[in-house]
Amino acid sequence: MRNDMNLADDAKQIEAIDNVLGFPSKLKVLRKDLSPNLVKKREGWRDRNGNVQMVDYVEWHTVADILDLTAPSWTHEIKDIKQIAKIITVTVAITIDGITRQGIGTGFAESESGIKKAEHDALKRAAVKFGVARNLYRKKESQTGRAVTFSSSKHVNAFPADPLAKSLSDMVTAKQLGMIKALSNELRLNADEESKTHMNCGIGELSKSAASSLITHLQDIKPTRRTQIRRAG
């Protein structure tokens, strides 16, 4: 109720902005930091000590509410749906005052909830290009954009701050997915969990560069561990 009241309190002012002022003024409103009352928390990633780190996020319907109040004439359209192995990708376009920006979301194609997740994520990623919840993305990048050093490696493997694919052409390739799964199986690791631990997303959502980082990470794990696993098996 409080969240609805907060949004309703601003409705008249924002409606006036939509009617009187132009696109730059709407962007200024959309780029404001979100009220803490609109922000949710969920488990994000585990640090090197195994401690769960929480991350902030905003629900898709909250994003839609903000757009409704700030730019009532906004529209959205599903531009593309593709399936890559078990992953479905959805591209959503949002248009405000004739300006269109797109976002891509991913989910598991075999479940209805996965398809809905893909659409909702795409909507949020398109909206963030207009400024909605951008402060949460900046915070998330500062939390996850860290270089991780593995004692088994002679170099530092840096996971990208933003590992998510930004377009279909930027998505992890089938060859990379095969390598990740093969290496994970050899090490008796769950590939998706390993990706979520270090980059806060599943392997099907990775960009090509992020997938390369994950492959390097798996290759850097001690060879002796692989030997021990084989002996134990």
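We number each residue from 1, following the sequence as shown. The analysis underlying the following values was restricted to heavy atoms, covering all of them including side chains, and did not include hydrogens, waters or symmetry mates.
Between Gly105 and Ala122, the shortest heavy-atom contact is N-CB, 3.4 Å. Among all heavy-atom pairs drawn from Val90 and Ala118, the shortest one is CG2-CB, 3.7 Å. Across all non-hydrogen atoms, the minimal contact from Ile115 to Ala109 is CD1-O, 3.9 Å. Residues Ser184 and Ala191 share a closest heavy-atom pair of OG-CB, 3.4 Å. The minimum heavy-atom distance between Thr70 and Lys26, with the atom names listed, is CG2-O, 3.9 Å. Nearest heavy atoms, Gly204 versus Val172: O-CG1, 4.2 Å.
In terms of modelled atom types and a separation under 3.5 Å, the side chain of Lys40 and the main chain of Glu59 share no donor-acceptor contact. Not a single donor-acceptor pair under 3.5 Å links the side chain of Arg101 to the backbone N or O of Ala93. No donor-acceptor pair closer than 3.5 Å links the side chain of Gln102 to the backbone N or O of Thr91. A donor-acceptor pair under 3.5 Å is formed between the side chain of Arg125 and the backbone N or O of Ile104.
Criterion: ILVMFWY side-chain heavy atoms under 4.5 Å apart, direct or through other members. Under it, Trp74 and Val92 are part of a common hydrophobic cluster. Residue Val39 is grouped with residue Leu30 when hydrophobic side chains (ILVMFWY) are merged at heavy-atom distances under 4.5 angstrom, including chains of intermediate members. Both Leu177 and Leu187 belong to a common hydrophobic cluster when Ile, Leu, Val, Met, Phe, Trp and Tyr are linked at side-chain heavy-atom distances under 4.5 angstrom. A single hydrophobic cluster is seen to contain both Trp60 and Ile66, as judged by linkage of ILVMFWY side chains at heavy-atom distances under 4.5 Å, directly or through other members. In the hydrophobic cluster analysis, where Ile, Leu, Val, Met, Phe, Trp and Tyr join through side-chain heavy atoms closer than 4.5 angstrom, Leu67 is grouped apart from Tyr57.
Here the straight-line distance linking atom CG of Leu189 with atom CG of Leu183 works out to 9.5 Å at 0.5 Å rounding. Here CG of Leu164 is found 9.5 Å from CE of Met171. Values are rounded to the nearest 0.5 Å. From Ile88, atom CD1 reaches atom NZ of Lys117 across 12.0 Å, with rounding to the nearest 0.5 Å. Rounding to the nearest 0.5 Å gives a distance of 11.5 Å between OG of Ser209 and CG of Leu214. Here the NE2-NZ distance, from His61 to Lys124, works out to 9.5 Å after rounding to the nearest 0.5 Å. Interatomic distance, CG of Asn185 versus CD1 of Ile180, reported as 11.5 Å (0.5 Å rounding).
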Does Thr62 form a side chain to side chain contact (heavy atoms under 4.5 Å, CB included) with Leu34? I'd like the steps, not just the answer. CA-CA 10 Å; Thr62 300; Leu34 290 182; 5.8 Å; no
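One side chain, Glu205 or Thr106, offers a donor N or O that lies under 3.5 Å from an acceptor on the other.
Taking the six-membered ring where the residue is Trp, Phe130 and Phe23 present perpendicular rings, their angle passing 60° and hence far from 30°.
No more than 12 heavy atoms of other residues, nucleotides or ligands sit less than 6.0 Å from atom NZ of Lys28. In Lys79, the NZ atom is not crowded: 12 or fewer heavy atoms of neighbouring residues, nucleotides or ligands sit closer than 6.0 Å.
Put simply, the side chain of Leu38 does not reach to within 4.5 Å of the side chain of Asp65, judged on heavy atoms. Ile94 has its side chain within reach of His76: a pair of non-hydrogen atoms, C-beta onward, lies under 4.5 Å apart.
Test Lys196, Glu194, Lys181 against Ile203 for side-chain contact (heavy atoms from CB on, under 4.5 Å) and you get one pass: Lys181.
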